[in-house]
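We're numbering straight along the sequence, starting at 1. Quick caveat: nothing in here was measured; it's all calculated off a predicted structure. The figures that follow rest on heavy atoms only: side chains count, while hydrogens, waters and symmetry mates do not.
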Amino acid sequence: MFEQLKQWDRELFVYLNGLGIEDYDNFWIWFTQIRHWIPLYILFFVLFFMAFHKKKAIYSSVFLLVSWAVTFGLTFWTKNVVDRLRPNNNPEINEIIRILQEPTNFSFFSGHTSSAFVLVTFVVLVLRKTYKWIWLLYIWAFMLSLSRIFVGVHYPSDLFVGGLVGVLMAWIFYKIYLKYESRFY
């Protein structure tokens with residue numbers, strides 16, 4: 001059963017990766033690089049300071065950073081325990097897929113995806129009453145995840161689990177955040 005799921009995952013990856021269009025390769029390479037999103041991350045903090053007084057904005061910012069750091073650590077640990085080869089390093093398929101990046105670390109689960117979803121979910125949970133449009137940030141998280149398939153470095157299951165872990169970690173940290181939030185009014 002597990003082998004069948006892995007096979008379907010590889011087949012779905014090959015199919016989705018094959019949908020990539022050469023004219024858009026530079027866009028996906030650019031989009032998948034975290035450094036290009038630093039202005040967005042700064043916007044998250046700016047939104048906290050626009051929505052809340054200084055003390056609560058700092059409290060919210062610290063929780064956002066801690067939720068990301070814990071998720072990043074969990075992702076790094078899991079990748080090294082699971083030891084799953086990335087598609088670009090998998091000899092069974094690397095000759096038939098489009099490879100636009102060639103990282104050598106492990107695949108399961110996607111750090112880009114878990115990071116994007118923990119950040120977006122926490123920001124949405126905290127700011128959803130203040131900014132009705134804040135849900136649109138999920139478009140960015142979804143596109144960042146999708147970029148990992150188009151550049152040839154993650155299977156769909158890596159993205160699914162990464163997204164799930166990111167949302168779950170954000171929810172856990174949000175619940176803790178709410179428990180102590182009253183101290184910062």
Residue pair Asn94, Asn88: steps toward the side chain to side chain contact (heavy atoms under 4.5 Å, CB included) verdict: CA-CA 5 Å; Asn94 68 0; Asn88 62 290; 5.5 Å; no
task: Check whether more than 12 heavy atoms from other residues, nucleotides or ligands sit under 6.0 Å from atom OH of Tyr174, and answer yes or no.
output: yes
- prompt: Would you call Asp158 and Arg148 a side-chain contact if the rule is heavy atoms closer than 4.5 Å?
  reply: no
message: Less than 3.5 Å apart, any donor N or O on the side chain of Gln7 or Glu3 sitting next to an acceptor on the other?
response: no
task: Take atom CE of Met50 as the centre, draw a 6.0 Å sphere, and report whether it contains more than 12 heavy atoms from other residues, nucleotides or ligands.
output: no
- prompt: Is it true that atom CD of Glu95 has more than 12 heavy atoms of other residues, nucleotides or ligands lying nearer than 6.0 Å?
  reply: no
- prompt: Are there more than 12 heavy atoms of other residues, nucleotides or ligands under 6.0 Å from atom CG of Asn80?
  reply: yes
query: Is there a side-chain contact between Phe173 and Val118, using heavy atoms and a 4.5 Å cut-off?
result: no
message: Within the structure provided, determine whether Leu40 and Leu137 are in side-chain contact (heavy-atom separation under 4.5 Å).
response: yes
field: Note, Phe109 side chain near Phe160 side chain (heavy atom, < 4.5 Å)
entry: no
- request: Output yes when a side-chain donor or acceptor of Asp9 lies under 3.5 Å from a complementary backbone atom of Ser157, and no otherwise.
  value: yes
field: Sole residue of Tyr131, Phe45, Phe48, Tyr41 in side-chain contact (heavy atoms from CB on, under 4.5 Å) with Val123
entry: Phe48
query: Under the criterion side-chain contact (heavy atoms from CB on, under 4.5 Å), which of Leu12, Val161, Asn90 is the partner of Tyr155?
result: Asn90
- prompt: Using the ring of each side chain (for Trp, its six-membered ring), is Trp30 parallel, tilted or perpendicular to Trp37, with breaks at 30° and 60°?
  reply: perpendicular
- request: Determine whether Leu144 and Thr113 make a side-chain contact, defined as any pair of heavy atoms from C-beta on separated by less than 4.5 Å.
  value: no
Test item: Phe63 and Ile176 side chains (from C-beta on) under 4.5 Å apart, heavy atoms: yes
Candidate list Lys55, Lys56, Lys175, test salt bridge (charged side-chain N to carboxylate O under 4.0 Å, His left out), partner Glu181, passing option: Lys56
message: Please find the pair of heavy atoms, one from Asn89 and one from Pro103, that lie closest to each other, and give the distance.
response: ND2-O, 3.0 Å
query: Got a sec: does the CZ of Phe49 have more than 12 other heavy atoms crowding it under 6.0 Å?
result: yes
- request: Determine, using ring centers only, whether Phe27 and Phe31 are less than 6.0 Å apart.
  value: yes
task: May I ask you to check whether over 12 heavy atoms, not counting those of Phe72, lie within 6.0 Å of atom CZ?
output: no
message: Using the ring centroid of each side chain, check whether Tyr59 and Tyr177 are separated by less than 6.0 Å.
response: yes
Nearest non-hydrogen partners of Pro87 and Ser107, listed with the distance: CD-OG, 4.2 Å
Leu100 vs Thr32 side-chain heavy atoms within contact, under 4.5 Å: no
message: For Arg86, is there an ion pair with Glu102 - N to carboxylate O distance below 4.0 angstrom?
response: no
- prompt: So Arg98 and Phe150, side chain to side chain contact (heavy atoms under 4.5 Å, CB included) or not? Walk me through it.
  reply: CA-CA 7 Å; Arg98 297 165 36 80; Phe150 288 137; over 6 Å; no
field: Met169 with Trp171, same ILVMFWY side-chain cluster at under 4.5 Å
entry: yes
- request: Give a yes-or-no answer on whether the side chains of Tyr138 and Thr121 include a donor-acceptor pair shorter than 3.5 Å.
  value: yes
